[in-house]
Amino acid sequence: MPMPANATAALDARPPGVLRFGIAYREQIFHPALIQPVTAAGTFRIADDGTLIRAQEYPEPEIAEIGRDTIRLRDDLEEEANLVPIPEDIEPMLATVRALVVGEPGRILETYSVALLPHEEGWQVVVDLGNATGALTHLAVIGCGETLSAVELDLSDGGRRRIDLGRGS
Amino acid sequence: MNRNVIAMLVLSALAGLSLWAVELRADAQSIFGRGTGGVPETLENAEARQLVIAVVSPDRDERTALAHAMASMLAEERLVAAVNLGPEMPARGTIDFLWHHRFRLAPPAPEDLSVEGMVAQLHSARTALASVTGVGFGDYLLRDPTGSFARLIDGLATANTSLQSHDGVWQAQDGSAALLFVSFTTEPFDASAVIALADSIRQVGAVDGVETILLGPRVAAAEINAAMTRSSLWVSLAALGLLILWFSWALRSLRALATVMLTIALSLAAATLVVQAVFGWVHVIALGFGGALMGLAVDYPLHLMSHGRQMRREAGRLVMLGAATTAIAFLAAVSSGLQAFVQVGVFVASGLGTAAAASRWLVGGVAETPRVIRCERLLWRFPAKPMIEIAMAVAGLATVYFFSGPSPQLFALPSGLTSDIAAMRQMVSLPSGQYHLRVQGATAEEVLALQAEIAPDLDAAVATGLLGRYSMLGTFLPPASQQLTELPEAEVFAERAAAALSASGMAVQFLDTLLDAYGEAVAAPVVTPEMLQDHADLAPFAERVRFAGGHWRETVRLWEIQDPERLAAAIERPGVEFIDVSSEIADRLGSLQRHVLLGLGIGAAVAIAVLALAGDGTRRALAIGRSIAASLGLTVVILILVGGPLSVFEILALTLVVGIGIDYGIFIGFARDAETQKAAARSVGLCAISTMMAFGVMAQAPFQVLSEIGTAVSLGIGATLVISFGRTRDPGETR
């Protein structure tokens, strides 16, 4: 597959299997403590008020309503929600996922500098995290041709995450 | 040079000096004395520096946007240390601090250090990795298989409010308002600066259909202060206008009017400066008694002018005698030992001295006499006067004894403030305003140790529903003795951790990371409250234990208390006291009342004694004393039957009735012949009308303290006038 002309064109790609109610995801979490990665799966969708909903089904049910500054966490059975502020250093990851789920990846370009680079799967749009010394050390959107496949993260604790979009458990 | 012109120059100098030098204050300590923490003692501690702002609007987006705008404005304010608009992540430095000191702040129990405990914790940590928050915290949880860090973070989350938020802004639990939590800086309380800040906040929220409620000790104090000042100004201007009209008619001369007004102004300026010079500042209550001083000071020039030139010398002597005895009566307030009331005593005494001296000198240059008001016609025959007077005094004492008690509060809060408190209670779970625990020790460590001791009892009370919840530093910071829990050697930990990793199907190579993290945490120093001060997120916890009155203490806040007596019985022990704030305030007010009442009695007795020594004999002085006691008795009976227990300010106002009673008694009682008595009756009548005008206006003031003083003095003057005009015989008549 040829590389897209530029990052804007690359980010026009859509994940496969976009569902009517959102996008399925499967996340693989790698950490030095783990022999096998932890796998999580569920769906992303956007609520009417613009909140990004991450509905995790596996390994534990968890609904995360990701607002502008906070995340409201609850499991399927719990009525009371736990309110957690969004740590500044994971904001780029959540902003990127939100832009992809909304289907307006151009929003990423409004906030962050990006670079289009080749990747073993096709291409990657690497988001420039600036001089931030938070949890994230690398953030990239991976795709092949006109298909957007995953978001990859490297973490300062030696961990790594890959969120495959359009693929459920 | 005209005497009034000289007086005007002196007044200008004194007024200028007052404006430059006088520092006005309104602190509660000067009224209650330094206490033990139950009554709000000061506006300088951490709790008093808090402010809650509610932006009330049915439109959630509108109120949230206004709250954002207020937070932006407040961020630029000099007086504001911090604004909490919504949930905030602790700073990275705070998280690092908690991580390094996790074994001190949340020491692991033996079971947490067992292989089984670590397996369970590693399982939780692995599950937590999958949570959306796992990116930020997952690694910490994996590196601490003892669970200390997880417990610490959970504990912090519980300590925070349970409110919901919208768009990063806290929302009231009844969904009616957006909320902001503001902390003032440690700058000393400045009422006018706080008022200016409150106005700026309200200006941002000045949108149709939106109400902004501000609730916090400093704002409340500043607004009460401002309301009292406005009320005092209104009363002063209204009384002044009325008196000028009255004097213009009664004195018939601009020069006489100027003499009276100059006497009042000079006495007020001198009294303020004397108090400033003696104490270094002036309490608003002392200044508030400026009104009372005005009521007395106005009498002296009127008495002098009402007596013709030939009687003026004698009238001057009586004025000086009256001023001296009244000053002595007020100086008895010094015995209370409470600064605000000591200042009242010094203020009135020095003001009266100035008024008497100034009026003698100024009236010397006035030839005109006031319009004749034939008050002598009001003199009446009072049969069995001594017996009836004694009966009235006894009735007054009996009423005080049987029907009086401590008033429930020093003064009622403005209705706006009480409704704001009620509204805020619906919006946010406020701790009980009536009950709390006082934990006290010789050191901060002792306080923490006591808190660790009562924590199980408090938890049990929560479990049985006696208590909703509680909040204290000890929940977060264990005493040093508990922080130094003995932990296994690194080798033992390594053995168990390796087994736990293996049993959890995790990489055994990770053991080195766990060992490093364990070693660092074991080596961390004991955490003291001072160390928390270095972190903005934790400092509010640390500030709750403070040194006051020779002890370290914390006021432990309690929520939803169901059975105060049972809770008190379960918790109380040496160093821990269950406080019922309302009964403590009632005790203090009762004590204050007794002090002021005793001061009134001593002052009146000493004044009569001085009158006996300096006047025309013991019999006349005693007769005056009896009339004053009867006037007080009648006034007290009416006040108590109509308005309930006497307030502190009503008792203080009665001291003024004593002073006025002495004045009236001296002039009427010391009259040697019919002519002198006629002049005395006219002068006393003129004074009574003037004083009742001033205090009648004060009685209408919207501020309770002023209206109480105005009512008590007006009633007292009425009673004094009626009784002192009652004669057993005509002057010169013999028994």
Side-chain angles (χ1 to χ4, degrees), chain A residues 27-42 44 49-60 62-73 75 80-94 97 133-136 153 155-159 161 163, chain B residues 60-61 64 68 84-92 95 122-143 145 153-154 157-158 160-171 497 500-502 504-514 517 537:
Chain A
E27 182 175 7
Q28 285 189 293
I29 303 158
F30 303 87
H31 188 273
L34 304 172
I35 298 170
Q36 294 295 324
V38 169
T39 301
F44 282 117
D49 65 354
T51 305
L52 172 65
I53 312 281
R54 178 186 185 265
Q56 180 178 284
E57 290 157 16
Y58 180 84
E60 297 281 343
E62 179 189 86
I63 309 289
E65 298 168 16
I66 302 162
R68 196 172 80 171
D69 302 297
T70 55
I71 302 170
R72 190 189 308 279
L73 282 176
D75 67 32
E80 282 204 9
N82 184 18
L83 200 64
V84 184
I86 294 177
E88 207 175 320
D89 45 8
I90 68 164
E91 223 170 72
M93 178 196 86
L94 294 174
V97 171
T133 53
L136 301 184
L153 320 166
L155 304 169
S156 57
D157 58 24
R161 290 178 181 234
I163 306 167
Chain B
R60 188 175 67 164
D61 291 331
T64 301
H68 273 298
N84 177 233
L85 187 62
E88 287 170 3
M89 203 65 189
R92 179 58 62 183
I95 293 174
L122 286 171
H123 176 75
S124 303
R126 206 161 50 170
T127 306
L129 270 184
S131 168
V132 71
T133 56
V135 177
F137 279 108
D139 178 59
Y140 284 113
L141 303 181
L142 282 170
R143 281 193 288 147
I153 294 294
D154 282 351
T158 315
N160 287 330
T161 174
S162 55
L163 294 171
Q164 300 291 326
S165 80
H166 171 65
D167 197 13
V169 177
W170 295 118
Q171 301 293 316
L501 284 170
S502 176
S504 306
M506 295 171 76
V508 179
Q509 300 90 309
F510 194 58
L511 181 62
D512 290 342
T513 309
L514 294 188
D537 305 303

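Chain letters run A, B, ... following the sequence lines, proteins first, then strands; residues in each count from 1. We use all heavy atoms of the structure for the numbers below, so side chains are in, but hydrogens, waters and symmetry mates are not. As the structure is a prediction and not an experimental result, all values here were calculated from the model.
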side-chain contact (heavy atoms from CB on, under 4.5 Å) test vs B:V132 passes for just one of A:E27, A:Q56, A:E65, A:R54, namely A:R54
Closest non-hydrogen contact found for B:S131 with A:E62 is OG-OE2, 2.9 Å
Greatest number of non-hydrogen atom pairs under 4.5 angstrom with chain A, of B:V135, B:L514, B:L511, falls to B:V135
Note: A:I29 and B:L129 closest approach over all heavy atoms is CD1-O, 3.5 Å
In this structure, NE2 of A:H31 is separated from CZ of B:R143 (nearest 0.5 Å) by 7.5 Å
Honestly, the part of A:I35 sitting under 4.5 Å from a heavy atom of chain B is both
Review point. Under a 4.5 Å cut-off applied to non-hydrogen side-chain atoms, are B:L142 and A:D157 in contact?
Key: no
Given A:P59, A:A33, A:G159, the one with more heavy-atom pairs under 4.5 angstrom with chain B than any other is A:A33
